Amino acid sequence: MPLPEDFYDRVYAIVRQIPSGKVASYGDIARAVGAAGAARTVGYAMNASHGKDGIPAHRVVNRIGMLSGKAHFPGINAMEQMLEAEGVVIKNDQIQDFDRHHWDPVKELGIDLDDLGL
DNA sequence: TATTTGACACACT
DNA sequence: CAGTGTGCCAAAT
């Protein structure tokens, strides 16, 4: 279980479950993987998700719904372009009606923070 | 083996 | 109510 990839795999598993037109915050994902507070590490995991596929990193934003990681995408506008294509309204690198598009994995997937094996 | 960085989050002023 | 500073976990060097 102490495999480094395990952590990434958990993050990918959650991000992969994000439905189209929805977005999740790093903190929520961090909690979903059992690493509450490791939001930064989640972003790091996303950095490794580039070479992989099926990892809609463009649906992952910070808590305020800002496209903080847009700079890490191939195109500076690729992130918002994809989000807009899914029905998400982006304004000035920020998601409009973030609460409306917010998708909490812990809540939607019914993940029990006590059942993460901690 | 220890230190610094990192696509954040929360608390305080 | 808004802005600034500090703290968190894990990975990489």
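A note on names: the letters A, B, ... follow the listed sequences, proteins ahead of strands, and every chain is numbered from 1. No hydrogens, no waters, no symmetry mates; every other heavy atom, side chains included, goes into these values. Quick caveat, the model's predicted, so the values are computed rather than measured.
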Undergrad: With heavy atoms under 4.0 Å as the rule, sort A/A57 into base, sugar-phosphate or nothing.
TA: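 Here A/A57 touches the bases of the nucleic acid.
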Undergrad: Let me know the distance between CD1 of A/I64 and P of B/dA7, rounded to the nearest Å.
TA: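 Atom CD1 in A/I64 sits about 15 Å away from atom P in B/dA7.
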Undergrad: Is a donor on one side and an acceptor on the other found under 3.5 Å between the side chain of A/N92 and the backbone of A/Q94?
TA: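 Judged by distance alone, no pair lies under 3.5 Å.
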Undergrad: Closest approach to the side chain of A/S25, judged atom by atom: which nucleotide of B/dA9, B/dA7, C/dC8 is it?
TA: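 Closest nucleotide among those given: B/dA9.
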Undergrad: Looking at the side chain of A/T41, which of C/dA12, B/dA7, C/dC9 is the nearest nucleotide?
TA: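 Side chain of A/T41 sits closest to C/dC9.
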Undergrad: Of all the nucleotides listed (B/dG6, B/dA7, B/dA9), which has the minimum atom distance to the side chain of A/H50?
TA: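 Looking only at heavy atoms from C-beta outward on A/H50, the closest nucleotide is B/dA7.
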Undergrad: Using a 3.5 Å distance criterion without hydrogens, assess whether the side chain of A/R59 forms a donor-acceptor pair with backbone atoms of A/I18.
TA: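 Present.
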Undergrad: What nucleotide among B/dC8, B/dA7, C/dA10 has an atom nearest to a side-chain atom of A/H72?
TA: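 My answer, after comparing the listed nucleotides, is B/dA7.
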Undergrad: Between B/dG6, B/dC8, B/dA7, which nucleotide gets closest to the side-chain atoms of A/A39?
TA: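 Of B/dG6, B/dC8, B/dA7, B/dC8 is nearest to the side chain of A/A39.
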Undergrad: Please give, in whole Å, the distance from C/dA10 C1' to A/D9 CG?
TA: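 Atom-to-atom, A/D9 to C/dA10, this comes out as 16 Å.
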Undergrad: What is the distance, to the nearest angstrom, from the CE atom on A/M46 to the P atom on B/dG6?
TA: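 Spelled out: CE on A/M46 to P on B/dG6 is 17 Å.
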Undergrad: For A/R31 and B/dC10, what is the distance between atoms CZ and P respectively, to the nearest whole Å?
TA: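 Rounded to the whole Å, the gap is 6 Å.
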Undergrad: To the nearest Å, how far apart are A/Y12 OH and B/dA7 C1'?
TA: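 One finds 12 Å between C1' of B/dA7 and OH of A/Y12, rounded.
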Undergrad: Any donor-acceptor pair under 3.5 Å between the side chain of A/Y44 and the base of C/dA10?
TA: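 A donor-acceptor contact between them is absent.
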Undergrad: Do A/K22 and A/E86 meet the salt-bridge criterion of a basic N to acidic O distance under 4.0 Å?
TA: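 So A/E86 does not pair with A/K22 through a salt bridge.
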Undergrad: Rounded to the nearest angstrom, tell me the gap between atom CZ in A/R63 and atom C1' in B/dA7.
TA: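 The answer, rounded to whole Å, is 17 Å.
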Undergrad: Does B/dA2 have a Watson-Crick or wobble mate here (both distances under 3.5 Å), and if so which one?
TA: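 Partner of B/dA2: C/dT13.
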Undergrad: Between P on B/dC8 and CD1 on A/I14, what's the gap in Å once rounded to a whole number?
TA: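 These atoms are roughly 19 Å apart.
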Undergrad: With sugar-phosphate meaning primed atoms plus P, OP1 and OP2, does A/N62 contact a base, only sugar-phosphate, or nothing at under 4.0 Å between heavy atoms?
TA: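 It contacts sugar-phosphate atoms only.
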Undergrad: Please answer whether the main-chain N or O of A/Q81 pairs with a side-chain N or O of A/N77 as donor and acceptor at a distance below 3.5 Å.
TA: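 No; judged by distance alone, with no hydrogens or angles, the pair does not exist.
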Undergrad: Identify the two heavy atoms, one from A/G37 and one from A/A30, that lie closest to each other, and give their separation to 0.1 Å.
TA: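 Closest approach of A/G37 to A/A30, heavy atoms only: N-CB, 4.4 Å.
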Undergrad: Side chain of A/R40 only, please: which of B/dC8, C/dA11, B/dA7 is the nearest?
TA: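 Selected nucleotide: B/dC8.
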Undergrad: Nearest whole Å is fine: how far is C/dC9 P from A/D6 CG?
TA: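 Taking atom P of C/dC9 as the reference, CG of A/D6 is at 18 Å.
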